[in-house]
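One structure below.
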Amino acid sequence: MRAGAQQWAYPDDVPKPELPNAAIAEALEELGDLYELDGAIVHRVVAYRTAARTVREAPVSVAALARAGRATELPGIGATLQEKIVALLDSGTIPATQKLRAKFPPGLIAIMRLPGLGPKRARQLHDELGIDSPEALRQAAQAQRLRTVRGLGPKLEQSVLAALEAGAAERLAPRVLLPKALQLGEALSAALADSDGAATQVLLAGSARRQADSVKDLDLIATTSRPAALLKALEELDQIESVSSTGEAGARARTHAGVRVELRIAKRGAVGNMLQHFTGSGRHNAALREAAVRRGLHVSEYGVSEEGAATRTCATEAELYELLGLAYIEPELREDRGELDAARLDGGPALPRLLTLEQIRGDLHCHTIASDGHNTIEEMATAARERGYEYIAFTDHSASHGFGNEVSPAQLRRQIELVREADARVEGIRLLAGSEVNILPDGRLDYDDELLAQLDWVIASMHTAFGMGEAAMTRRMISAIEHPLVDAIGHPTGRLIQRRAPYAIDLDAVFAAAAATRTMLEINGNPDRRDLTDVHARAAARAGVTVVIDSDAHRVATLQNMRWGVATARRAWLSAREVANTRSWPQLRKLGKKKGAG
DNA sequence: GCCGTTTTCGGCCCGACTGTTTTCAGTCG
């Protein structure tokens, strides 16, 4: 029997969203690009890009918000953009976009993205040489016609041809997932530090330090008494393919895998300034400096200056933030998502005390050889105990997983017995019988309630039929949320970082249903997923949802994926209070859904 | 185009590097 499936439907007074946020964001992005080609002032262009990011990250349907005339509630969206979004919803396009598309061929945007070129030069190439596509650009460069444009020369012709050869016009620069980025960054840091003994220190900054989902390049900050030797050591590292633009300040390099590495040398007394600057994000820094200017202070990577006064440097980031009237801001929060207001020492909402890995007391999503895992119950249990956990739930896939290794109802009954037996044998950790149950396209689960009721812990997840459309998908998910025997929803949006977009779903409605039924939503720690995302997890917690962080381990080694889930939770501003598995198992139980029979 | 414990108008971070210049524009992070 399915419970509650009929209870939910879109209320009549809530307009159904027509365009997903991503599509609106893309339209704003394009219009920003076109305005840039058209020579608009940079602030206007920036305004479009800021708005695009806000829309993309919004946890609610921006289409619905704009329909209600309330898009201006989002930061960076004013009356003009509210109007343009409505025009986009009504007619499928924005009039200004149509006008500018007629003026600039689409190939110019690709040209503008090539390294060394930008909007001004793309426009010049179009106006003076009639170049309208990367292919036309290639021909002109080969014919040495680019140098006929004032300000351009043979060097640029060469770099343009090289960039086109590398396919830079077609594909975006590769991004590296966080675990790999940290591994590489830490290896490079250690090797550089070793190269010159104790006198050299190397710190990892950038988006890797902020624990972002993926990173574009690695930023390393070094202090050394022998800069020349350090730069030579960089050149000689095994991982490094080439080094370019070496100077007093540092060097830029590339690894064999194509990852850019930026090495900067800081004065010892100013490491705090340099580390803060290169940790970013760019938006955090820009907002930080704008706020500083209002206080009469000018901030750069070298220090803080005041008109008519000497530049002040900081040995630590904490000193720097304090100098600006702010509490220390953890790197994970530096995304210009309200952290500067929250950090103000003269009032303002306080920063959260962020969750730490040590506060996690159990793991409620892992697999064993019963389905597609690689270790036994006992092996996983022992490894979990070594991590200091008090409990672990075994949640193998259910009867219709669809990728082989399904667990039939009879097999699940046997698995429950095995977990009970192992629980009696293994000391020092509580073993819980669970399942990761499939949510079928119609919202039902693929085990009977009678069987589910025998489990200690039930996660429901979607693994099939991702393309069914937002309204149906939302209904499907909420059916599972309202099921009285479902404790949590696994990887709620289905995204795979860099590989698969989240499925269309109304998360606002999902969060409301989860909060109302006390169904937990997961932050899945698999580094390919990290799902919920930082932005969504924050919105969920604000909507009153209890979050659970899991490893989704398929072997002993990947129990450590909990680390990436915690990183996402920290980026979501979460503290221990908002995360279920910072509690003991009995306490966690009280937090969740009141289960009926069982 | 947005936004306001100086403002509803006039601001909107900071610096390095490159290639082309003879003093700097454009691009990038």
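Chain A is the first sequence line, chain B the second, and so forth, proteins listed ahead of strands; every chain is numbered from 1. All values derive from a computational prediction rather than experimental measurement.
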Completion exercise
Sorted by position of nearest nucleotide on DNA chain B, 5' first, the leading residue of A/G78 and A/G282 is A/G78
Practice task
Indicate yes or no: at least one non-hydrogen side-chain atom of A/C314 is less than 4.5 angstrom from one of A/L323.
Solution key: yes
Problem - Below 4.0 Å: OP1/OP2 of B/dC2 and any side-chain N or O of A/H43 - result: no
Exercise for the section: Check every strand shown and say whether A/V299 touches a base, only sugar-phosphate, or nothing at a heavy-atom separation below 4.0 Å. Expected result: sugar-phosphate
Handout entry: Rounded P spacing from B/dG15 to B/dT20 in Å
Key = 26 Å
Exercise for the section: Measure the distance from CZ on A/R283 to P on B/dC13 and round it to the nearest whole Å. Expected result: 13 Å
Practice task
Within residues 316-328 of chain A, find the residues that approach DNA chain B with a heavy atom at under 4.0 Å, and present them sorted by residue number.
Solution key: none
Exercise for the section: Output yes when A/R254 and A/E235 qualify as a salt bridge under the 4.0 Å nitrogen-oxygen rule, no when they do not. Expected result: no
Problem - A/R252 and A/D219 ion-paired at < 4.0 Å - result: no
Exercise for the section: Can you check each nucleotide of nucleotides 4-10 of chain B against protein heavy atoms at under 4.0 Å and return B for base, S for sugar-phosphate only, - for none, in 5' to 3' order? Expected result: -------
Fill in the blank from the handout: Residue set satisfying side chain to side chain contact (heavy atoms under 4.5 Å, CB included) with A/E29, at least two apart, ordered chain then number -> A/R49, A/A52, A/R56
Handout entry: Other residues, nucleotides, ligands: >12 heavy atoms within 6.0 Å of A/E30 CD
Key = yes
Exercise for the section: For B/dC12 and B/dC17, measure between their C1' atoms and round to the nearest Å. Expected result: 25 Å
Handout entry: B/dG19 pairs with, by Watson-Crick or G-U criteria that keep both distances under 3.5 Å
Key = B/dC24
Practice task
Could you name each residue pair satisfying salt bridge (charged side-chain N to carboxylate O under 4.0 Å, His left out) that touches residues 285-296 of chain A, not counting sequence neighbours?
Solution key: none
Exercise for the section: Anything under 30° is parallel, anything over 60° is perpendicular, the rest tilted; go ahead and classify A/Y328 against A/Y321. Expected result: perpendicular
Exercise for the section: For nucleotides B/dG4 and B/dT8, find the distance between their P atoms and express it as a whole number of Å. Expected result: 13 Å
Practice task
Can you run down the ring pair (Phe, Tyr, Trp, His ring centres under 6.0 Å) pairs that involve residues 237-280 of chain A, sequence neighbours left out, and say none if there aren't any?
Solution key: none
Practice task
Could you tell me whether A/E36 and A/R44 have a side-chain N and a carboxylate O separated by less than 4.0 Å?
Solution key: no
Practice task
List the protein contact pattern of nucleotides 16-29 of chain B with one symbol per nucleotide (5' to 3'): B for base contact, S for sugar-phosphate-only contact, - for none; contact means a heavy-atom distance under 4.0 Å.
Solution key: S-SSS-----SSSS
Problem - Salt-bridge criterion met for A/D531 and A/R495 (N-O under 4.0 Å) - result: no
Handout entry: Salt bridge present between A/D127 and A/R123 (N-O < 4.0 angstrom)
Key = yes
Handout entry: Span that lies between the C1' atom of B/dG1 and that of B/dT6, in whole angstrom
Key = 22 Å
Problem - P spacing across the pair B/dC9 / B/dC14, given as an integer number of angstrom - result: 26 Å
Exercise for the section: Take atom C1' in B/dC28 and the same atom in B/dC13, then report the distance between them in whole Å. Expected result: 15 Å
Handout entry: OP1 or OP2 of B/dG1 under 4.0 Å from side-chain N/O of A/T50
Key = no
